[in-house]
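All values reported here derive from a predicted model rather than from experimental measurement. Naming convention: chains lettered A, B, ... in sequence-line order (proteins, then strands); numbering from 1 in each chain.
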Amino acid sequence: MFKPVSSKLNANQMELEVLDYWKKEDIFHASIKNREGKTEYVFYEGPPTANGMPGVHHVLARVFKDIFPRYRTMQGYHVIRRGGWDTHGLPVEIEVEKKLGFTNKQQIEDYGIAEFNQLCRESAFKYIQEWEKLTERIAFWVDLDTAYITYKNSYIESVWWILKNFWEKDLLYQGFKVVPYCPRCGTPLSDHEVSLGYRDATDPSVYVRMPLVDDPSTSLLVWTTTPWTLPGNVAIAAHPNVDYVTVERKESSGEGTEKLILAKSQIESIFGDEEVKIVSEFKGKQLKGKRYQPLYTFLPPDKPAYRVVLADYVITNEGSGLVHQAPAFGADDMQTAIDEDLPILMTVAPNGTFIPEVKQWAGRFVKDADPFIIEDLNNRGLLFRTVPITHTYPFCWRCDTPLLYYARPTWYIRTSAKKDDLVANNQKVNWYPNHIKDGRFGNWLANNIDWALGRERYWGTPLPVWECESCHHQECIGSVQELSEKTGKDLKGLDLHRPYVDEVEYACPKCGETMHRVPELIDVWFDSGSMPVAQWHYPFENEQEFKEHYPADYICEAVDQTRGWFYSLHAISTLLFDQQCFKNVVCLGLILDGDGQKMSKTRGNVVSPWEVLDKHGADAMRWYLYTASPPGQERRFSADLVNEVLRSFTLTLWNTYSFFVTYANLDGWQPGKADKPQYSKLDEWLLAELHGLVRDVTTAYENYDVLGATRPIEGFVDHLSNWYLRRSRRRFWKSGSDADKEAAYSTLYEALVMLSKLLAPSMPFIADEMYRNLVVNLDPQAPKSVHLADWPKFNEGRLNDELVADMNLVMKLVSLGHAARNKSQIKVRQPLQEAAFSVSNIHDSAVIHEYADLLQDELNVKSVRALSAASEAAAYELVPLPKQLGQKYKDQFPLIRKAILALDPEKAAGMLLKGENLKISVDGEDFEILPEEVEVRMQAKEGFEVASDGAYIAALVTTLTDDLVNEGLVREFVRRVQEARKQADFEIADRIRLIYSCSAKLKYAIECFKDYIMDETLSVELDGENVPNILPNLSDEFDGETLTIWLDKA
RNA sequence: GGGCCUUUAGCUCAGCUGGUUAGAGCGCGCCUCUGAUAAGGGCGAGGUCUCAGGUUCGAGUCCUGAAAGGCCCA
């Protein structure tokens, strides 16, 4: 006996029960233990941060991470899945700062770094339970008990080892570069962090006069969108090859004139309708070296400044074509300063305010000083114009402070030195979708810039570089032991975080003075990118484990990780081992809400995963995420869309399963009893589709094609339920057991068991629920769960393309037959005499005969046949097929087509249908047209109800004989009896006594078909005479007849 | 400003190397079937395949350009 299965499914409840079973039997670990000693399949978990609530996008990533390890496990691989947590970094610090109400770094220092970091350590796992709960509920099988944690000493020590390795290869260096800098957080931001905060902002753009030293009546007209950088001005840049002009204009006071230098192309946009006189015209290079009067002299330049320099990056489609240069506040400016040996004026303090030397605005946040600077320039007659400009400007992604571009000393990894290796190793990676490889990721590598590693913060992996306070000798430390040796103290118990590591000092080997650790931490992306090494505490231990699990076979994250984790893994792996870090990577698109809007807290359209899980279950949610669109594409998400999956796919499958179990139990059927089932055509067809499905799904999994591994199953289940099962119902209903019934059970059983395996990686709950009932329940030898089972192999001998094609044709003809019935307004319950079909070739007409029974039954007609071309066709049409003829005759095709259409269709059709060639001539050239190159279509004569699609026609003979009418009435009668049975809550197998009273014509019909009726309704007695004096079960009128019935269990 | 992606029915998506009349599901309207089904079947409305050029006998598909949206980067 199978466990009875209700046709109603409570997905949530079913899944929770399965979860309990998995937990009780520890199926996850069993599935790994199961494969011990087998080939390793290596998966890396990209560590999330557990200091925020997990959302739908995390579910997306996690279910995609889950699917391939499950598949590979079933294929016999050993797949350990070690979880991981990203615990360091600014996001964690920000949370703690918020909690403490801090707004700047000084408050943290005052509070105490040790205490602050302790809170960070706790906060990093604030939502760990939420993460664990969700991970379990969506059946992401990952080992969280052994998860690596980036703040652990062992992890940090491995990261140090990597850094030391880079140090020894001269890949770690301290540089002085202009970086995007958050004055509030007091730290430079990585490119990745900066990119999180771009948005439109309005700033004052100003045009400023810079009078020439040699000719004070002439000024350079200089443009900038950052007035606060003007006190740091040291030069003006012009483009060498752009045309510049000196124009003369009336001064706005009305008196006198002034001369201004600017790019010629900007005259109109700057002066508009105002009349200006062009005094002279010249190339930009002629401006080189021209000296101008400085705007401000707060800081004395230590090198010659205040002159025009040339630079190619000067643009002339906005501004004036003359660009103000402040090397401390722009990457381009800095480069120019280096090239031109210009001074660097640092007018701003690390907290974003002007330094005391900038007397007027000292202590004021620079952006807030803009209006005052503008006012000052105006008062001094140097301001030409100010115009608000809206442009995209970066803001700090955490605290929303406008970023400043700011020259800072910081640490870099010289990734650009290994650019060729980075590019070469990328070529070995399979990217899904493929375009990322040479697109987004490839371009990023090709334009590689050094990795800005340093962070001037508190909670993170400290940069293990010690520097002598006196001679500035630097050393990089690669292990705790090394540090112990340096200091002569056993530092095994040392917490490798600030402030404890900062307290470790030792004597400089060069000069004997004290070595202190440099203040920086490292970028958290370096933490997570180190996980292949650091999760094993390699090379300090676990050498074997590390080597067996490097590189990864499979990783998967959202596309925003291109420059995040994907890059940090790839870069570290390349610099460390010159090897690719991952072989296959699936890159997921973003999640949008049901209307295609990005989910965000501010929009309030964030869907909670639990909302969906509680209602529709994890399987449906997973299935939706897998099948909605290609993985790399963004996908919409809403509870309704998931509900759709449940309704159209899960429930169809479940009902098929429930049907099988119900009838198999009724018949006491068990698998494997009959040696060799005598399969019908329909069975063989389903098995051909089934084994084709196994083949296709397997191929898809091998190619990391999630859509290909899921969508075809939907199509199969639809065929299984709405064709195979519908067509086979009577085989299961009939009483007794015979070979045909056995074949039907065997086929359906095989399909359901196979489906449970094919669905195991994608819908792990329903798959196991079915498998355990269908297989484990009967076979004590079987694995306890589908997830411990082997992936199915398809049977080549079961494949049958011709049979599949034939059945497709049958379905099409049935569909046309239904269409014709619909037109005739004759319901399907009324039998008709005959259906005739027209098809486009000889093979297809054989199909009509072969599947005559099926067609008759499905369309409720007494006979089917091919439409006779000779006697029943009214007109023929020739359709020259462009695919065949076009490819064969190329540009002659249009004329040949015309010639074919000009033939007498009837005569030509006759020849083609006999398999003869057509002879035509075009421009004196003769051609033989083959029968397969022209499609013959016919139209049926009158007297039929016809529906057609292309060459396919279904024609119904709609004249009704008395016999047919009687049979129709009987069918109506039977249906009402069945309805009454259902309403009386009888069991499917209950036998009944049936009493009826009705009008004469119906009564006659019932008498004629008495045996049929008793058989259909499981009546042991059919009585039209002895009407009882009690309330009837049903009274009805139809087709002009009246009917009353009583029934009773026999 | 650069790179990449997307644009096909009201919605979600197919459309293989160019080839007959561009399809499916959902939704909508009408009809129908049913002792597995919250289902199934049929018919109908709904498309200038974002636009403009080009290549070709033939373009949703290939090429060029443009537009809109998205992501990433400046």
Where do N or O atoms of nucleotides 55-61 of chain B meet protein N or O atoms at under 3.5 Å, pair by pair?
| unit_1 | atom_1 | unit_2 | atom_2 | d |
| --- | --- | --- | --- | --- |
| B:C57 | N1 | A:Lys890 | O | 3.4 |

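- Side-chain atoms of A:Tyr405 and A:Asp333 include no donor-acceptor pair closer than 3.5 Å.
- In terms of modelled atom types and a separation under 3.5 Å, the side chain of A:Thr710 and the main chain of A:Thr627 share no donor-acceptor contact.
- For the residue pair A:Asp705 and A:Tyr432, no side-chain donor N or O sits within less than 3.5 Å of a side-chain acceptor on the partner.
- The closest side-chain donor-acceptor pair between A:Asn426 and A:Trp431 falls under 3.5 angstrom.
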Nucleotide N/O to protein N/O under 3.5 Å, stretch nucleotides 25-32 of chain B:
| unit_1 | atom_1 | unit_2 | atom_2 | d |
| --- | --- | --- | --- | --- |
| B:G27 | OP1 | A:Arg647 | NH2 | 3.1 |

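- Listed nucleotides: B:A36, B:A14, B:A38. Nearest to the side chain of A:Arg711: B:A14.
- The backbone N or O of A:Pro880 lies less than 3.5 Å from no partner atom in the side chain of A:Arg897, so there is not a single donor-acceptor pair.
- A stem is defined here as three or more consecutive Watson-Crick or G-U pairs, each with both distances under 3.5 Å; for RNA chain B these stems are B:1-7 with B:67-73, B:10-13 with B:23-26, B:28-32 with B:40-44, B:50-54 with B:62-66.
- RNA chain B lies under 4.0 Å from at least one heavy atom of each of the following residues of residues 975-984 of chain A: A:Arg975, A:Gln978, A:Arg981, A:Lys982.
- One finds a side-chain N or O of A:Ser815 lying less than 4.0 angstrom from the OP1 or OP2 phosphate oxygen of B:G42.
- For the salt bridge (charged side-chain N to carboxylate O under 4.0 Å, His left out) condition, the pairs that include at least one residue of residues 721-732 of chain A, sequence neighbours left out, are A:Asp683-A:Arg731, A:Arg726-A:Glu858, A:Arg727-A:Asp857, A:Arg727-A:Glu858, A:Arg730-A:Glu1016, A:Arg731-A:Asp740.
- Residue A:Arg897 is the one, among A:Arg897 and A:Ala819, whose nearest nucleotide of RNA chain B lies closer to the 5' end (criterion: closest heavy atom).
- Atom C1' of B:A14 sits at a distance of 28 Å from the matching atom of B:C31, rounded to the whole Å.
- Between the side chains of A:Asn448 and A:Thr415, at least one donor N or O lies within less than 3.5 Å of an accepting N or O.
- Between the side chain of A:Lys419 and the backbone N or O of A:Ala446 there is at least one donor-acceptor pair closer than 3.5 Å.
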What pairs of nitrogen or oxygen atoms, one from the protein and one from nucleotides 2-9 of chain B, lie under 3.5 Å apart?
| unit_1 | atom_1 | unit_2 | atom_2 | d |
| --- | --- | --- | --- | --- |
| B:G3 | O2' | A:Asn443 | ND2 | 2.3 |
| B:G3 | N2 | A:Arg440 | NH2 | 3.3 |
| B:C4 | O2' | A:His435 | ND1 | 3.0 |

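- A:Arg971 forms no cation-pi arrangement with A:Tyr1012, by the criterion of a distance under 6.0 Å to the ring centre and an angle within 45° of the ring axis.
- Looking at A:Asn1033, its side chain does come within 3.5 Å of a backbone N or O of A:Leu1047 through a donor-acceptor pair.
- Here B:A38 is the nucleotide among B:G35, B:A38, B:U37 with the atom lying nearest to any side-chain atom of A:Leu651.
- Of the residues listed (A:Thr650, A:Ile713, A:Val642, A:Leu646), the one engaging A:Trp623 in a side chain to side chain contact (heavy atoms under 4.5 Å, CB included) is A:Ile713, and it is the only one.
- Of the possible polar contacts, one joining the A:Arg821 side chain to the A:Asn860 backbone as a donor-acceptor pair under 3.5 Å is found.
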